Every structure is written in C-alpha cells, then in structure tokens.
Amino acid sequence: MRISVFIVFMTMTMGVYAQKYKVGTTTALWKVPASTDFSQARSVGLEYVEVAFNQCYRGVPANEVIPRVRDMKAKIDSAGIKVWSIHLPFSRTLDISVLDEKKRKENVDFMVEMIEQCAQFQPKCLVLHPSSEPIDDSIRAQRIANASRSIAYLKKYADQIGAQLCIENLPRTCLGNTPEELWEIIKDIPGVKVCFDTNHYTKGTTEHFVETIGERIGTIHASDFDFVNECHWLPTQGDIKWGKLMHALEGVGYEGVFMYEATKDHESHDTRPTPERVVETFNKIINDYKTLK
C-alpha cells in the first residue's frame, strides 16, 4: 500500500514539476522590439525575456550602445515583463579567448562595461560566449586557457550585480562545442554555470549533454535543429526529443526558465515566430513530457 501511495505521489510530483517551468523568449524574437511587443507576449503567457544585448551593440555606433540599452530597459519595464537573463554581446572580433593579450584585455574590459549595464535589469543569469570562430586545433588549448582566465575575471563582476554567469556551448570549431570541453573551460572556476543551447550540440544527444554538465546548467536556450548545424527553429520542428530532454533537465534539478532562443518558424517558411507560436510549441513539449511519465 505504501509503495502504491509513493508511486502516485511521484507521478503527480513529476507532472507538477514540468508545469513549474515558465516559458520565456529572447528579445531577438522581434527584429526591433517595441513596448507593445512585450505587452502582447505577456498577454499570451510569456512571463520572461532574455535581453539580447547584440540588439543594442551589433552595428551600432559606440556612443549609441548605452542609450539603446536604456531604451530596451524602458520598453521592458513599461510592459511589466520579467527579465530572466541577458545575453552579453558577441561577434567575430569580440572574443575573450584571443591570443593577442592586448586585444583579449580590451574585449574583457568591454564585457565588464556591459555587465555593469546589466545591473539595471536585475537579471538572474548572464550568458557569455567563450569564443568566436574559427579556431584551429593547433591553438585550441591556449584559447581554452585564455577563455577560462577571462571567465574567472568576469565572474567577479557578475557576482557584484547578483547575477549567475553562464557560459554557452557553441557549435562548429568554437570553444565549448562538446560538454566535455565546456567542462574543461569552467571546472576550476567555482560558481560558474552553463547555458545549454540545445541547437549548438551536434556531436551527441541532448540527454548526454545534460548528464555530463548536470547541476551546473544554470539556464537554457531552447530551439530545434537537424543535428547538422544550428537552425534556431521553434522547438518541436526539428529532431530533438523534447519530452526526453525535459525529463533529463528535471533529473539534474534544473529549475530555471524554459528560455526560447528560436528565431525561425520552420513550419511557416522560417519566418519570425509569434509569441503565440512560442506558447503553442511549449505546450506540445509539456504534453510530450507527460506521455513519457
């Protein structure tokens, strides 16, 4: 009898756990987000956003970056939507692992400025790329060492604003293209976690990634793909088994937001998804999860 009660309790708990995951989206869902976009997203059930700082940085004159960050903050505040995370800027040249020490320090110092700007949003997590690309095997070990050194330095500034620094896994020849290499980058930096981008890991299963990194997963970027190269399709539109992935995340104790970084609706000719489509596909994941209980 006690065993039966326990089984019923665990079954109910697992279902409730899945429902506890809140869904959010990157601000890059919109090319140029407006206050009304955030309000509309909130009205259909999106409670959180990840602020993509590249929308304020990439291709923007240096003197306009901070004003654009403040404008983004005003738009988010006016809609009453919550900020879960901020994706720090990235580009081919904005690389914290470069071998040129002067350039590396310049890039790290710029990241410090951006982290200081993040404080006004009060994010739970900061997402950081460990490198750009391409990276040749002959210099990979040194680039890994440089990335680790830069991350350790930047963590102090993330701590100062009360945010969890999360290093994102990246595809192709970028650093962190396997969970084992990403672990090598962060293992000696206590308190640093991982942003698991589901469509960046092409060398194995999503479940393997989750099992390897385990409780060091601090946030996620949810999007789907064909396991060949990143696609950033809405979840459920590619080859990832989303119910299994949700179970795997639950198994390592992930309690963060189910943060979408999907910018293409593959069922609608890769057009930008609507907030309604984000919620619709998230509900499909929950249903898939429940069938695997």
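Everything numeric in this text was worked out from a predicted model, so none of it was measured.
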request  = Any chance you could measure Asn107, atom CG, to Leu94, atom CG, to the nearest 0.5 Å?
outcome  = 5.0 Å
inquiry  = Restricting to non-hydrogen atoms, name the atom on Met259 and the atom on Thr25 that form the minimum distance, rounded to 0.1 Å.
reply    = SD-N, 3.3 Å
request  = List the steps, then state whether side-chain contact (heavy atoms from CB on, under 4.5 Å) holds for Phe227 with Thr202.
outcome  = CA-CA 5 Å; Phe227 280 92; Thr202 63; 5.6 Å; no
Side chains of residues 160-172: which donor-acceptor pairs under 3.5 Å do they make with residues two or more places apart or in other chains?
| residue | atom | partner | partner atom | Å |
| --- | --- | --- | --- | --- |
| Gln164 | NE2 | Gly191 | O | 2.5 |
| Glu168 | OE1 | His87 | NE2 | 3.0 |
| Glu168 | OE1 | His129 | NE2 | 3.0 |
| Glu168 | OE2 | His200 | ND1 | 3.4 |
| Glu168 | OE2 | His221 | ND1 | 3.2 |
| Asn169 | OD1 | Asp197 | N | 2.6 |
| Asn169 | ND2 | Asp197 | O | 3.1 |
| Arg172 | NE | Glu133 | OE1 | 3.0 |
| Arg172 | NE | Glu133 | OE2 | 3.0 |
| Arg172 | NH1 | Asn229 | OD1 | 2.9 |
| Arg172 | NH1 | Glu230 | OE2 | 3.0 |
| Arg172 | NH2 | Glu133 | OE2 | 2.7 |
| Arg172 | NH2 | Glu230 | OE2 | 3.1 |

key: Gap separating the CD atom of Gln120 from the CD1 atom of Ile66, nearest 0.5 angstrom   = 9.0 Å
query = How about His247 and Glu207: do any of their side-chain heavy atoms sit closer than 4.5 Å?
reply = no
query = Less than 6.0 Å separating the ring centroids of Tyr48 and Phe258?
reply = no
key: Hydrophobic cluster identity match, Val83 and Leu29, side-chain contacts under 4.5 Å   = yes
query = If you look at every heavy atom in Val44 and Pro275, which pair is closest and at what distance?
reply = CG2-CB, 3.8 Å
query = Do Trp233 and Asn199 have a side chain donor and acceptor closer than 3.5 Å?
reply = no
inquiry  = One pair to check against side-chain contact (heavy atoms from CB on, under 4.5 Å): Ile285 and Thr236. What are the steps and the verdict?
reply    = CA-CA 7 Å; Ile285 295 172; Thr236 73; 3.9 Å; yes
ask   = Would Trp30 and Phe38 satisfy ring pair (Phe, Tyr, Trp, His ring centres under 6.0 Å), going step by step from the backbone distance to the final call?
value = CA-CA 10 Å; Trp30 306 276; Phe38 295 133; 5.3 Å; yes
task = Using only heavy-atom distances, determine whether the side chains of Ser132 and Asp95 contain a donor-acceptor pair under 3.5 Å.
result = yes
key: CD (Glu101) with more than 12 external heavy atoms under 6.0 Å   = yes
query = At their closest point, which heavy atom of Ser131 faces which heavy atom of Leu175, and how far apart are they?
reply = OG-N, 2.9 Å
key: Ion pair Asp100/Arg104, N-O distance below 4.0 Å   = no
remark   = Rounding to 0.5 Å, atoms CD1 (Ile151) and CZ (Arg149) come to a distance of 12.0 Å
Exercise: identify the closest heavy-atom pair between Met114 and Pro89 = CG-CG, 3.8 Å
key: Other residues, nucleotides, ligands: >12 heavy atoms within 6.0 Å of Lys241 NZ   = no
ask   = Atom CG of Asp270 and atom OG1 of Thr263: how far apart are they, to the nearest 0.5 Å?
value = 8.5 Å
task = Please check if any side-chain donor atom of Thr219 sits under 3.5 Å from a side-chain acceptor atom of Trp84, or the reverse.
result = yes
ask   = Looking at Arg277 and Glu267, does any basic side-chain N land under 4.0 Å from a carboxylate oxygen?
value = yes
ask   = Arg272 versus Lys31: any side-chain heavy-atom pair under 4.5 Å?
value = yes
ask   = Is the closest side-chain heavy-atom distance between Ile240 and Leu245 below 4.5 Å?
value = yes
inquiry  = Ignoring hydrogens, what is the shortest heavy-atom contact between Asp265 and Pro273? Give both atom names and the distance.
reply    = N-CG, 3.9 Å
message = Minimum heavy-atom separation for Ser148 and Ile185, please, with both atom names.
response = OG-O, 2.8 Å
key: Within-4.5 Å side-chain heavy-atom neighbours: Val210 and Thr206   = no
query = Any sub-3.5 Å donor-acceptor pair from Glu50's side-chain atoms to Thr26's backbone N or O?
reply = no
Pair Ile217-Lys193, side-chain contact (heavy atoms from CB on, under 4.5 Å): steps then yes or no = CA-CA 6 Å; Ile217 295 176; Lys193 292 196 174 185; over 6 Å; no
Spacing of CG belonging to Asp288 relative to OG1 belonging to Thr281, to within rounding of 0.5 Å = 12.5 Å
ask   = Would you call Asp37 and Lys75 a salt bridge, using N to O less than 4.0 angstrom?
value = no
request  = Compute both the distance and the angle, then confirm whether Arg58 meets the cation-pi test with Phe90: under 6.0 Å from the six-membered ring centre, within 45 degrees of the axis.
outcome  = yes
Approximate separation, where rounding is to 0.5 Å, of Arg68 CZ and Gln117 CD = 14.5 Å
ask   = With the threshold set at 4.0 Å, does a side-chain nitrogen-carboxylate oxygen contact exist between Asp159 and Lys155?
value = yes
Stepwise side-chain contact (heavy atoms from CB on, under 4.5 Å) test for Phe196 and Tyr254 = CA-CA 11 Å; Phe196 177 30; Tyr254 179 67; over 6 Å; no
task = Treating Ile, Leu, Val, Met, Phe, Trp and Tyr as nodes and any side-chain heavy-atom pair under 4.5 angstrom as an edge, say whether Val127 and Val194 lie in one connected cluster.
result = no
ask   = Do the side chain of Arg140 and the main chain of Cys174 share a donor and acceptor less than 3.5 angstrom apart?
value = yes
task = Please examine the side chains of Asp224 and Leu234, heavy atoms only from C-beta on, and report whether any two atoms are closer than 4.5 Å.
result = no
